[in-house]
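Just so it is clear: chains get the letters A, B, ... in the order the sequence lines come, proteins before strands, and each one is counted from 1. Only a predicted model underlies this, so the values are computations on that prediction, with no experimental measurement involved. Because only heavy atoms are used, hydrogens play no part in the values below, and waters and symmetry mates are left out as well, while side chains stay in.
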2 protein chains.
Amino acid sequence: MAAAITVLDRLLEIGELFQKDMARAFSGTPLTPARTRVLWDLAHSGPSTQHALAARLEVSPRNITGLVDALEAGGYVTRSPHPTDRRAIIVSLAASAEQFMHQMQREHADLTADLLGAVAPADRPALERGIDAIAARLRELVAVEEARRADRVEAKA
Amino acid sequence: MAAAITVLDRLLEIGELFQKDMARAFSGTPLTPARTRVLWDLAHSGPSTQHALAARLEVSPRNITGLVDALEAGGYVTRSPHPTDRRAIIVSLAASAEQFMHQMQREHADLTADLLGAVAPADRPALERGIDAIAARLRELVAVEEARRADRVEAKA
DNA sequence: AGGTAATGATGTAGTACCATCACGATATGG
DNA sequence: CCATATCGTGATGGTACTACATCATTACCT
């Protein structure tokens, strides 16, 4: 059982190390984890309204306003009016930021290759299956938790 | 190579899900991730001065002051004078908090067992070896980064 | 059409976390 | 005994987020 406990602890450790590494990589720039998440999503989903951004990142629309303010001030992002809905604002990656994101993705891929290189080749398929299974189970547990909470809120109404 | 990228993404996802789960578990209590980290360290290392706490958690001493303030107000922790050094303050876990931490460790173990149960038994040994290898490699990379930064600071002096 | 409700963004106010600078109190080495 | 380092904390500022209220715009409904 001791070994089993180690697996979860290692996973937590890996998560922490990643965060620390990111934070160091962005020190000196106005980029923070939350702002980088916005850039990442824009690179992935393309230009979006702030509302759509808020929904995908699961934060309040008000929060997006502030994050986009900072990114716009830094030149990472531009705001433009929505073509048909005059209430909405479209947020797009600036050209320089797109280049920046490409570099980030390249580094991400390099890091993946490096880390996977540390695993014995014979172990890799099982590792992948195992990690997928753990992620799936965790997603399931979180979904159950969330459903329970939604029920509780509904019961109150 | 697409599969390889997936592994790292899954690991990142697992980290995020864990954080989200923790945050929800503590909503309603005055506990936050940072404060829980303090409790965790105290449960692990025993009563400490605030300075020692700050060093182990790698945050500023000033930050510890605030965290301990909150934990003390919630009754999780007690402050007492250092027996020989009148500048220093010893922070100890309150009895109720010790019980609380035991419960947390139990839940932690239960979650580990649950997640590992989702993995095919034949894959578990390889999964464990793989995760250990990745964590070790990542630790190594972070250490190298840190050493480089330390050198740069030294070069300036 | 005309009124009402929903939506998109933002202002205000408040909480939490973290960092840096400065300071008073205490300890310690020469 | 004095210079210096250490321990905790006040003050200040930046970031991340929330809830509530506001205002313009749009959608819906009879």
Side-chain angles (χ1 to χ4, degrees), chain A residues 16 19-20 22-24 26-41 47-74 76-92 149 153 156, chain B residues 16 19-20 22-41 47-74 76-92 149 153:
Chain A
E16 274 181 40
Q19 284 181 236
K20 204 177 290 187
M22 288 273 179
R24 197 183 29 250
F26 293 146
S27 83
T29 77
L31 293 179
T32 61
R35 293 174 192 169
T36 307
R37 234 158 65 89
V38 174
L39 289 184
W40 188 270
D41 185 278
S48 307
T49 66
Q50 298 190 172
H51 188 84
L53 228 38
R56 279 199 300 271
L57 299 180
E58 294 189 312
V59 301
S60 64
R62 183 61 187 90
N63 196 8
I64 293 292
T65 299
L67 295 173
V68 171
D69 281 352
L71 289 171
E72 193 182 25
Y76 292 91
V77 130
T78 60
R79 275 194 247 234
S80 46
H82 190 287
T84 68
D85 190 336
R86 282 190 292 173
R87 294 167 306 182
I89 290 179
I90 302 279
V91 182
S92 318
R149 210 164 61 137
V153 170
K156 262 191 181 165
Chain B
E16 276 182 38
Q19 283 179 238
K20 202 177 290 187
M22 287 275 179
R24 198 182 29 251
F26 292 145
S27 84
T29 78
L31 293 181
T32 62
R35 293 175 192 166
T36 308
R37 237 159 63 88
V38 174
L39 290 183
W40 189 270
D41 185 277
S48 307
T49 65
Q50 297 191 173
H51 189 84
L53 226 39
R56 278 200 300 271
L57 299 180
E58 293 188 315
V59 301
S60 64
R62 183 60 185 89
N63 198 4
I64 292 293
T65 300
L67 295 173
V68 172
D69 281 351
L71 289 172
E72 193 181 24
Y76 292 90
V77 131
T78 59
R79 274 195 247 236
S80 46
H82 190 287
T84 68
D85 188 336
R86 279 192 293 174
R87 294 169 306 180
I89 291 178
I90 301 278
V91 182
S92 317
R149 210 164 62 136
V153 170

Which nucleotide in the set C:dA16, D:dG8, D:dT26 lies at the smallest distance from any side-chain heavy atom of B:Q50?
-> D:dG8
Under-4.0 Å side-chain N/O to phosphate OP1/OP2 contact, A:T65 with C:dT10 = yes
Would you mind reading off the distance between A:N63 atom CG and D:dC20 atom P, rounded to a whole angstrom?
-> 16 Å
Go through C:dC18, D:dC17, C:dA27 for me and flag the one nearest to the B:A34 side chain.
-> C:dC18
Given D:dT26, D:dC7, C:dA9, the nucleotide with the shortest approach to the side chain of A:D85 | D:dT26
Base D:dG10 paired with B:R62 side chain (donor-acceptor, <3.5 Å) | yes
Could you tell me which non-hydrogen atom of B:T49 sits nearest to which non-hydrogen atom of B:H82, and how far apart they are?
-> CG2-CD2, 4.0 Å
Over how many whole Å does the gap from B:L67 atom CG to C:dA19 atom C1' extend?
-> 13 Å
Under 4.0 Å between a side-chain N or O of A:R87 and OP1 or OP2 of D:dT22?
-> no
Is any side-chain N or O of A:S60 closer than 4.0 Å to OP1 or OP2 of D:dT18?
-> yes
Record whether the side chain of B:R86 comes under 3.5 Å of the base of C:dT26 through a donor-acceptor pair of N or O atoms.
-> no
Looking only at side-chain atoms of B:R79, point me to the closest of C:dA9, C:dC18, D:dT9.
-> D:dT9
Which whole-number value in Å describes the distance from B:L71 CG to C:dA16 C1'?
-> 13 Å
